[in-house]
There are 2 protein chains.
Amino acid sequence: MQIKVAIVEDQRDLREMLGILINGSPGFACIGTFADAEEALLKISDTSPDVVLVDIHLPGKSGIQLIAQLTLQMPNTKFMVCSSLEDDENIFNALKAGANGYIIKSSAPVKILDAIQDVYNGGAPMSSQIARKVVAHFNPRSQDHAEFNKLSPREKEILAYLAKGYRYKEIAGFLFISVETVRKHIQNIYEKLQVGSRTDALNKIGGKSILF
Amino acid sequence: MQIKVAIVEDQRDLREMLGILINGSPGFACIGTFADAEEALLKISDTSPDVVLVDIHLPGKSGIQLIAQLTLQMPNTKFMVCSSLEDDENIFNALKAGANGYIIKSSAPVKILDAIQDVYNGGAPMSSQIARKVVAHFNPRSQDHAEFNKLSPREKEILAYLAKGYRYKEIAGFLFISVETVRKHIQNIYEKLQVGSRTDALNKIGGKSILF
DNA sequence: AGGTCAATTACACTTTCGTGGGATTTGGAA
DNA sequence: TTCCAAATCCCACGAAAGTGTAATTGACCT
């Protein structure tokens with residue numbers, strides 16, 4: 001069975017080139033091309049594609065907004081962003097809008113076909129460099145170890161409980177120490193991390209609470 | 001120049017097999033193998049590897065904890081998780097701990113070498129299925145958390161400020177409403193999420209305050 | 001032996017948070 | 001229209017969190 005692909009791309013030559021590539025490849029069928037978001041919104045639901053290639057930089061409504069709307073209407077369709085840049089903001093906004101993959105326009109044709117196949121099969125194709133950005137976004141750990149490492153083991157331990165939302169009284173119970181001690185430790189933790197509340201501390205350390 | 005690889009893997013046969021694979025491949029050198037986290041922590045800094053393959057399921061301290069510690073000591077080294085499963089929790093914990101890639105043990109040898117090369121060059125190798133899980137975490141619609149979706153737009157907005165650690169008074173200032181209203185919204189949020197504190201609420205919605 | 005630091009406890013005090021009511025307005029759904 | 005959810009505001013009370021200052025113990029380092 002063929003994978004039905006639709007294209008939303010404002011540059012005419014690229015749009016036609018992609019159409020030819022897809023129609024010329026066995027297992028793929030280009031069943032619609034659109035030059036802008038408005039046209040796509042009106043007509044694309046009639047074509048019921050399996051995969052839609054969406055350019056981010058469209059005149060008028062952006063490709064990200066388009067994806068956000070279409071994913072609501074077509075829950076079973078996969079969306080793959082085609083961008084000329086590896087712009088961080090666009091990557092994350094596209095993923096948040098519901099895009100399933102993110103490829104660079106200048107990719108080799110065979111890479112593009114691979115990506116379509118992959119996204120159709122439930123994968124999340126993206127270049128290695130883009131994956132790196134995504135992973136980096138997940139990991140708030142960059143340079144700020146300095147403050148975190150100033151914490152004593154006991155303080156890290158207490159911070160872990162803090163992260164889990166326990167009250168001072170409960171933490172004191174777990175560690176068999178008085179609430180006053182817990183309070184004092186937390187006071188020291190906040191000072192070392194240069195924050196003034198539990199939530200600030202947790203935002204500062206990001207996902208590091210799994211250290212314990 | 002060769003890529004210096006270290007291995008942390010408790011299963012002896014797999015550990016040796018990987019070592020042979022790496023040493024037998026041009027451009028790669030296995031400069032250390034370790035059977036558990038404790039051994040790795042003691043000796044690995046002497047070997048200064050470029051890439052470390054870490055099994056998640058180690059006796060004693062888990063591979064994730066190991067990565068969390070080693071990334072602090074060796075900021076220029078890349079870490080790649082080797083797991084036998086595609087366990088969601090492990091994937092995200094590994095990424096949060098600072099892992100750069102995530103591959104399945106049963107991958108073809110050439111895939112493993114590719115992944116080492118990729119992670120060494122700043123990529124984030126992971127299988128298509130794992131990438132899908134990562135991407136899904138970015139996508140609001142994949143979060144079918146029934147409770148979360150009960151929140152009204154206004155409540156989500158306030159929850160976002162709550163996640164950033166602002167006080168009621170500050171939130172009220174941002175939204176041009178009274179503190180009492182903020183308080184009431186939060187009361188409703190806690191009720192819908194079935195929690196009793198700010199930290200509980202944030203833990204409930206996970207690290208996904210980026211939705212706003 | 002003296003010094004430093006982590007860990008511990010204590011008390012007093014202020015601020016913020018969480019909970020319990022109750023109230024009004026508005027817009028959309030039944 | 002009636003009903004309801006959402007958003008807004010108010011009051012009061014107790015619990016929890018955060019701040020400041022002070023003191024004691026034990027371990028480790030010089």
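Quick note on labels: first sequence line is chain A, next is B, and so on, each numbered from 1. Just so you know, these numbers use all the heavy atoms, side chains as well, and skip hydrogens, waters and symmetry mates.
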* Measure the CD1-CD distance between Ile158(A) and Glu155(A) for me, rounded to the nearest 0.5 Å. => 7.5 Å

* Asked: Between atom CD1 of Ile22(B) and atom CD of Gln2(B), what is the distance when rounded to the nearest 0.5 Å?
  -> 11.5 Å

Could you check how far [atom1] of [X] sits from [atom2] of [N], rounded to whole Å?
X         : N       : atom1 : atom2 : answer
Ile189(B) : dC17(C) : CD1   : C1'   : 14 Å
Glu155(B) : dA6(D)  : CD    : P     : 6 Å
Lys192(A) : dA6(C)  : NZ    : P     : 5 Å
Arg183(B) : dC9(D)  : CZ    : C1'   : 12 Å
Ile171(B) : dA7(D)  : CD1   : P     : 15 Å
Ile158(A) : dA6(C)  : CD1   : P     : 13 Å
Gln194(B) : dG18(C) : CD    : P     : 17 Å
Arg167(A) : dG14(D) : CZ    : P     : 18 Å

Could you please name the option among [options] that lies closest to any side-chain atom of [X]?
X         : options                   : value
Thr181(A) : dT8(C), dT19(D), dG18(C)  : dT8(C)
Gln187(B) : dG18(D), dT19(C), dT9(C)  : dT19(C)
Arg154(A) : dA7(D), dA12(D), dA7(C)   : dA7(C)
Ser178(A) : dG18(C), dT9(C), dG18(D)  : dT9(C)
His185(B) : dT8(D), dC11(D), dG18(D)  : dT8(D)
Lys169(A) : dC17(C), dA16(D), dG18(D) : dA16(D)

* Using only heavy-atom distances, decide whether a donor-acceptor pair under 3.5 angstrom links the side-chain of Arg198(B) to the base of dG18(C). => no

* To do: Quick one: sort the Phe174(B) and Tyr166(B) rings into parallel, tilted or perpendicular, breaks at 30° and 60°.
  => perpendicular

* Is the phosphate of dG18(C), meaning OP1 or OP2, less than 4.0 Å from a side-chain N or O of Tyr168(B)? -> yes

* To do: Please determine if a side-chain N or O atom of Tyr190(A) lies less than 4.0 Å away from the OP1 or OP2 oxygen of dG18(D).
  => yes

* **Salt bridge Asp55(A)-Lys105(A), side-chain N to carboxylate O under 4.0 Å** => yes

* Pairing of Glu16(A) and Arg12(A) as salt bridge, 4.0 angstrom limit -> yes

* Asked: If you find the nucleotide of DNA chain D closest to Glu180(B) and the one closest to Asn188(B), which residue's nucleotide is nearer the 5' end?
  -> Asn188(B)

* To do: With DNA chain D as reference, determine whether Val195(A) or Leu175(B) sits nearer its 5' end, using the nearest nucleotide of each.
  => Leu175(B)

* **Glu170(B) atom CD, neighbour heavy-atom count above 12 within 6.0 Å** => yes

* Has Arg167(A) got more than 12 heavy atoms of other residues, nucleotides or ligands less than 6.0 Å from its CZ? -> no

Check the interface with nucleotides 23-27 of chain C: list each N/O to N/O pair with the protein under 3.5 Å, or write none.
none

* Quick check: does any side chain N or O of Asp50(A) sit under 3.5 Å from a backbone N or O of Ile3(A), one acting as donor and the other as acceptor? -> no

